[in-house]
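What follows is a short report on a single structure.
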Number of protein chains: 2
Amino acid sequence: MISQAEENYLKALFHLTNETEEKVEAGTNELAFYLEVKPATVNDMLKKLKEKELVSYKKYGKIMLTQQGREYAVEVVRKHRLWETFLYEKLEFSWDEVHEVAEQLEHIKSKKLVEQLDRFLGFPKIDPHGDPIPNSKGEIKYLKRKTLTDIPVGAVCKLVAVKDSSASFLQYAVQIGLGLSSKIKIISRQEFDGSVEIEIDNKRSTVSQKFAENLFVL
Amino acid sequence: MISQAEENYLKALFHLTNETEEKVEAGTNELAFYLEVKPATVNDMLKKLKEKELVSYKKYGKIMLTQQGREYAVEVVRKHRLWETFLYEKLEFSWDEVHEVAEQLEHIKSKKLVEQLDRFLGFPKIDPHGDPIPNSKGEIKYLKRKTLTDIPVGAVCKLVAVKDSSASFLQYAVQIGLGLSSKIKIISRQEFDGSVEIEIDNKRSTVSQKFAENLFVL
DNA sequence: TAAAATAGTTAGTCTTATCTAACAAATATT
DNA sequence: AATATTTGTTAGATAAGACTAACTATTTTA
Ligand SMILES: [Mn+2]
Ligand SMILES: [Mn+2]
Ligand SMILES: [Mn+2]
Ligand SMILES: [Mn+2]
């Protein structure tokens with residue numbers, strides 16, 4: 001049996017490494033920061049996960065998921081994103097409310113539940129934040145995505161995903177009228193700091209480059 | 001915050017006392033047996049629940065839920081039965097599979113989730129085992145129910161609920177062709193031990209009085 | 001009513017997941 | 001190369017929730 005805490009470590013490692021191909025290893029401090037626990041706590045847990053052959057690492061070395069650990073992590077990510085989709089599509093949850101509840105639901109253990117939920121939702125490919133949902137074999141189809149910063153002035157694009165899923169980010173997005181599938185027109189861009197003036201449903205806002213980098217568009 | 005373990009104790013106390021009006025108190029051993037833990041464990045937990053004013057008891061005395069404890073327990077029961085209904089109605093779970101998964105889902109903490117799930121299901125009144133689902137105010141409508149043992153020979157009745165929810169009971173029921181809404185005809189009854197011969201979809205079986213007592217019919 | 005049986009409590013132990021404080025190793029900077 | 005900084009580890013502590021073994025209180029029964 002793998003505990004909830006263990007599942008969270010595996011998922012965190014997956015997000016910090018496998019999810020972005022450039023980076024294949026993580027450090028103790030990095031993991032600790034991500035999970036909001038202390039490095040000592042991570043160190044203890046790593047010993048347990050190593051024992052279970054879910055991560056590979058040696059003293060003072062870097063941390064990697066094993067094949068087994070990666071598979072497990074992907075399964076948790078799959079559940080997380082399916083539940084988010086369920087909450088958004090079926091239970092009228094908003095964009096910024098789904099994550100917190102999915103953090104709990106992702107730990108429910110029932111193979112049948114996941115597969116039936118997937119079917120019930122019509123085998124969705126992306127979650128409400130536009131992230132890909134792994135299929136039942138653990139395969140993930142990443143779409144090559146452009147961010148708002150790639151769109152030239154004058155052009156119009158459509159929001160298909162967000163990079164950040166924090167409530168503060170999502171609430172800000174909602175505040176300026178953004179939602180999945182919103183049409184965004186680029187009015188102007190400051191060379192100085194990359195901030196952009198955009199128009200959504202005839203409403204203009206100016207947002208920072210940092211914000212723009214978190215909007216995936218098509 | 002109330003932990004999962006604490007929720008399970010409250011729910012157990014509710015089932016052992018409030019749910020059947022005759023009995024208003026429970027004992028340490030009784031609770032321990034029900035929860036499949038040792039009496040010493042229950043004793044420790046009772047101290048904590050008393051501290052939180054969720055149960056009332058004194059050393060060597062009987063155990064009762066406080067008003068607050070009862071309300072909390074009902075909320076957990078509500079969640080349990082709503083999830084069972086979801087699994088049965090929407091995800092093609094069978095009668096005997098829902099309980100185990102609902103035991104996990106009942107502990108998910110989100111007011112909005114419960115209320116939206118209730119709405120999504122059309123505010124169901126009973127779960128797949130025929131048990132009443134508390135409404136959002138915590139009100140429970142108990143139906144006066146007859147069991148198979150009350151039906152005279154020759155009569156036909158309809159299964160509307162079951163008393164026992166164990167897998168062994170439900171699987172036996174499925175085996176002889178029983179499901180919610182099954183039509184049951186009473187062919188004969190033995191005076192000796194109360195066993196009854198019944199017919200379901202032209203298939204005859206003989207079941208014990210004990211089994212018959214667990215079938216609520218209309 | 002004394003003894004036996006049942007019910008409930010206490011003390012001490014274990015595991016999991018966390019922490020703090022102190023230490024050690026690796027890396028970067030002067 | 002010496003020093004400083006960053007990163008990672010260890011030891012010891014704590015809290016929750018479970019256990020066993022031994023004890024105490026209450027209830028039943030002969
Ligand atoms: Mn999420
Ligand atoms: Mn989680
Ligand atoms: Mn149930
Ligand atoms: Mn439970």
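Computation of the quantities below employed the complete heavy-atom set of this structure, encompassing side-chain atoms and omitting hydrogens, waters and symmetry-equivalent molecules.
- Test Arg81(B), His99(B), Glu89(B) against Asp127(B) for side chain to side chain contact (heavy atoms under 4.5 Å, CB included) and you get one pass: Arg81(B).
- Pairs passing the side-chain hydrogen bond (donor to acceptor under 3.5 Å, both in side chains) check and including a residue from residues 114-123 of chain A, sequence neighbours excluded, read Arg78(A)-Glu115(A), Arg78(A)-Asp118(A).
- Remark: P of dC19(D) and CG of Leu35(B) are 10 Å apart, rounded to the nearest angstrom.
- Gln175(A) and Gln171(A) form no side-chain donor-acceptor contact under 3.5 Å, judged by distance and modelled atom types alone.
- In this entry the distance linking CG of Leu46(B) with P of dA7(C) reads 16 Å, nearest Å.
- Side-chain proximity of Lys38(B) to dT18(C), dT20(D), dT7(D): nearest is dT20(D).
- Taking atom CD of residue Glu51(A) and atom C1' of nucleotide dA17(C), one finds them 17 Å apart after rounding to whole Å.
- As rounded to whole Å, 13 Å separates atom C1' of dA7(C) from atom CG of Leu31(B).
- With sequence neighbours excluded, no residue forms a ring-ring contact (aromatic ring centres under 6.0 Å, His included) with Tyr9(A).
- Heavy-atom distances under 4.0 Å link DNA chain C to no residue of residues 1-12 of chain B.
- Note on Phe33(B): nothing from the nucleic acid sits closer than 4.0 angstrom, heavy atoms only.
- Toward the 5' end of DNA chain C, the nearer of the two residues Gly27(B) and Lys48(A), judged by each one's closest nucleotide, is Gly27(B).
- Scored by the side chain to side chain contact (heavy atoms under 4.5 Å, CB included) test, Tyr142(B) finds Phe14(B), Glu19(B), Pro132(B), Ile140(B) as partners (sequence neighbours excluded).
- In this entry the distance linking CD of Glu25(B) with P of dG8(C) reads 11 Å, nearest Å.
- By the salt bridge (Lys or Arg N to Asp or Glu O under 4.0 Å) test, Lys112(A) pairs with Glu97(B), sequence neighbours left out.
- For His107(A), the ring-ring contact (aromatic ring centres under 6.0 Å, His included) criterion is met by no residue, not counting sequence neighbours.
- Residues satisfying the ring-ring contact (aromatic ring centres under 6.0 Å, His included) criterion with Tyr72(B), sequence neighbours excluded, are absent altogether.
- By the ring-ring contact (aromatic ring centres under 6.0 Å, His included) test, Phe169(B) is found to be paired with Phe211(B), residues two or more places apart in sequence or in another chain being considered.
- dT24(D) atom C1' lies 19 Å from atom NZ of Lys58(B), rounded to whole Å.
- The nearest whole Å value for the distance from the CD atom in Glu30(B) to the P atom in dT9(C) is 14 Å.
- Of the side-chain N and O atoms in Thr41(A), one or more sit less than 4.0 angstrom from OP1 or OP2 of dC19(C).
- Listed candidates were dT9(C), dA18(D), dA17(C). Nearest to the side chain of Met45(A) is dA17(C).
- Mapping Glu36(A) and Lys62(B) onto DNA chain C by nearest heavy atom places Lys62(B) closer to the 5' end of the strand.
- Within 6.0 Å of atom CZ in Phe33(A), 12 or fewer heavy atoms from other residues, nucleotides or ligands are found, so the atom counts as exposed in its surroundings.
- Between the CG atom of Leu49(A) and the P atom of dT18(C) there is a distance of 11 Å, rounded to whole Å.
- Distances were taken from every side-chain heavy atom of Asn29(A) (C-beta onward) to each of dT18(C), dG8(D), dA25(D); the shortest belongs to dG8(D).
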At a cut-off of 3.5 Å, list every protein nitrogen or oxygen paired with a nitrogen or oxygen from nucleotides 10-15 of chain C, distance to 0.1 Å.
residue, atom, partner, partner atom, Å
dT10(C), OP1, Lys59(B), NZ, 2.9
dT10(C), OP2, Lys47(B), NZ, 3.0

